[in-house]
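A short write-up of the structure that comes next.
Lettering follows sequence order; numbering is per chain, from 1. This structure is a prediction, so every number in the text was calculated from the model and none was measured.
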There are 2 protein chains.
Amino acid sequence: MNAVELAHQHVLAALLNGDLRPGQWIRQDDLAAELGISKVPVREALQRLTAEGLVTFETNRGSAVRSLTAADAEEIYALRLAIEPMLLERSIANLSIVDLASAGLALTSTGSSIGEANWHFHRALYAGAHWDRAVTLVGRLHAAVAPYVVLYTQELGGSSASDKQHRKLLKLCQAAKTQRAVDLLRQHLEEASAALVASLRPPAADSTS
Amino acid sequence: MNAVELAHQHVLAALLNGDLRPGQWIRQDDLAAELGISKVPVREALQRLTAEGLVTFETNRGSAVRSLTAADAEEIYALRLAIEPMLLERSIANLSIVDLASAGLALTSTGSSIGEANWHFHRALYAGAHWDRAVTLVGRLHAAVAPYVVLYTQELGGSSASDKQHRKLLKLCQAAKTQRAVDLLRQHLEEASAALVASLRPPAADSTS
DNA sequence: CATCATATAATCGTATCTGATTCTGCTATT
DNA sequence: AATAGCAGAATCAGATACGATTATATGATG
């Protein structure tokens, strides 16, 4: 594997499993030392992550995990709602046994973190669409919200509601009930959106009312 | 401006106005020499462009303008159809005089290339949505198809059909006729999709000639 | 004609250096 | 006590040089 890919995947994994918090600085020297590589590929990886919308890159200040406002979260979930149902609808009929097994495995996996398992599940269900660009794109939207989702999921002691929806969604996909599966996915995303937006709103409490 | 940004914008502009053809190699040394910078920021810019889906990056081989298959084009336009009507619908009511003027200017501009003018027009109409992520994303989809659109537009001696739709779309936006504008945009994109896909279907893509 | 060896060119990554910018903690002044 | 200013530390941006790796083209050999 490339040094660039190594650094890229390292940061990505850290975002998905909550090791990196929103706004946290990512020092080039530290990351390079940690991975045993030089600064050049680290900077390249950070540029990629910046283009992916996961990291900020301020000149002469460095990189940090990109923070989100409530408006950002609304936009991200609007995009996910525009793309993911389309992907699932296109995918279901072509899902292979392996895809469905991967999705099932992601639900029971104990090895990876919540964020990673969550994404592996969704990605497996979209595999049948054979639209790699779109899946990659959705993956970035997922990673962009992951640092926040991990935070408030930990607060609530794990989200069993989302988990339940996932199991039901998998069953609908296995049964090839396209319309019901797409509807459930939409609902799933809308609820996730509402939860994240709500958790981001509080700082905007006004004193005038 | 950054050396990285310089290189990034240079390549992006070259893609939009047809100076770079699909599959064409982008040599790090050449680009660095041309811009009077070193290879390091050039590589960083290429990594960003790769993450944006505009360029390929093969280990030990280098970067090239990303080529598209007909299936790729279908996917890209499916994404555009999923996002851009949503953006326009959200935007129209909030379009400022300046936004509308920018859009109008893009239609009559003689300074920039077809690809750039085209994108400036669409971007201006989406400004009212205040969804920067989505607009950036659509811009990348636009840039991804630009090298091909420029090619077959030149073959046909300029596309007056697309131009006509643009003018009508602008009028509808000025009159705030949201539904009709969104419908026209959808039609506009579907026709552009069909044209590009058709031009990609005959496997006559030969990059060496 | 097919295959192997070699030469060339390009990339990948490291190390090191310089300059510029930003951050931090201390001091002095009001 | 609070703030302004300043020196030093930390960090980043970028250039350059070097060796290693890999791909491609050329040519020799059977």
Side-chain angles (χ1 to χ4, degrees), chain A residues 1-15 19-67 136 147, chain B residues 1-15 19-69 136 144 147 205-209:
Chain A
M1 175 151 46
N2 259 349
V4 178
E5 285 175 42
L6 178 69
H8 181 263
Q9 292 192 13
H10 180 85
V11 175
L12 190 58
L15 287 171
D19 288 346
L20 286 171
R21 290 161 164 273
Q24 183 175 339
W25 289 107
I26 304 176
R27 296 282 160 223
Q28 299 174 5
D29 291 328
D30 295 352
L31 188 51
E34 191 179 344
L35 300 176
I37 61 181
S38 70
K39 275 192 314 185
V40 174
V42 167
R43 286 181 56 84
E44 291 175 21
L46 289 172
Q47 291 282 0
R48 275 177 56 171
L49 290 159
T50 302
E52 290 168 358
L54 308 180
V55 154
T56 64
F57 209 121
E58 292 172 63
T59 314
N60 282 318
R61 293 197 57 198
S63 300
V65 179
R66 185 158 174 189
S67 307
T136 301
Chain B
M1 173 153 45
N2 259 350
V4 178
E5 286 174 41
L6 177 69
H8 181 262
Q9 292 191 11
H10 181 84
V11 174
L12 190 58
L15 288 171
D19 288 346
L20 285 172
R21 289 160 164 270
Q24 184 175 338
W25 289 106
I26 304 175
R27 295 285 162 220
Q28 299 174 3
D29 292 327
D30 297 351
L31 188 51
E34 191 178 346
L35 300 176
I37 59 181
S38 75
K39 278 189 309 186
V40 176
V42 167
R43 284 182 57 83
E44 290 176 20
L46 289 173
Q47 291 283 358
R48 273 176 57 172
L49 290 159
T50 302
E52 290 168 358
L54 308 180
V55 154
T56 64
F57 210 120
E58 291 171 63
T59 314
N60 282 317
R61 294 198 58 199
S63 300
V65 179
R66 185 158 173 189
S67 306
L68 301 180
T69 64
T136 300
D206 188 344
S207 61
T208 59
S209 67

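Stem regions for DNA chain D, each three or more consecutive Watson-Crick or G-U pairs with both distances under 3.5 Å and listed by first number, read C:1-30 with D:1-30.
Following rounding to the nearest Å, A:Glu58 (CD) and D:dT11 (C1') show an atom-to-atom distance of 13 Å. At whole-Å resolution of the value, CZ in B:Arg27 and P in D:dA23 are 13 Å apart. When the P atom of C:dA10 is taken as reference, atom CD1 of B:Ile26 falls 15 Å away, rounded to whole Å.
With rounding to the nearest 0.5 Å, the separation of CG in B:Asp30 from CD in B:Glu34 is 8.0 Å. Interatomic distance, B:Asn2 CG to B:Leu6 CG, rounded to the nearest 0.5 Å: 9.0 Å. In this structure, CD in A:Glu5 is found 12.0 Å from CG in A:Leu12, a value given to the nearest 0.5 Å. Taken to the nearest 0.5 Å, the NE2 atom of A:His10 stands 5.0 Å off from the CG atom of A:Leu35. To the nearest 0.5 angstrom, B:Ile26 atom CD1 is 9.5 Å from B:Leu54 atom CG.
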Distances under 3.5 Å between nitrogen or oxygen atoms of protein and nucleotides 14-21 of chain D:
unit_1	atom_1	unit_2	atom_2	d
D:dG14	OP1	B:Asn2	OD1	3.4
D:dG14	OP1	B:Ala3	N	2.7
D:dA15	OP1	B:Ser38	N	3.2
D:dA15	OP2	B:Ser38	N	2.8
D:dA15	OP2	B:Ser38	OG	2.2
D:dA15	O5'	B:Ser38	OG	3.4

Protein and nucleotides 24-26 of chain D: nitrogen or oxygen contacts under 3.5 angstrom:
unit_1	atom_1	unit_2	atom_2	d
D:dT24	OP1	B:Arg61	NE	3.4
D:dT24	OP1	B:Arg61	NH2	2.9

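The closest side-chain heavy-atom distance from B:Thr56 to B:Arg66 is below 4.5 Å.
When atom types are taken as modelled, the side chain of B:Gln24 and the backbone of B:Arg21 share a donor-acceptor pair closer than 3.5 angstrom.
Annotation: side chain to side chain donor-acceptor pair (under 3.5 Å) contacts of B:Glu44 (sequence neighbours excluded): A:Arg43, A:Gln47. Remark: A:Glu52 pairs with A:His8 by the side chain to side chain donor-acceptor pair (under 3.5 Å) rule, at least two apart or across chains. By the salt bridge (charged side-chain N to carboxylate O under 4.0 Å, His left out) test, B:Arg61 pairs with B:Glu58, sequence neighbours left out.
Between A:Thr59 and B:Ser63, it is B:Ser63 whose nearest contact on DNA chain C lies nearer the 5' terminus.
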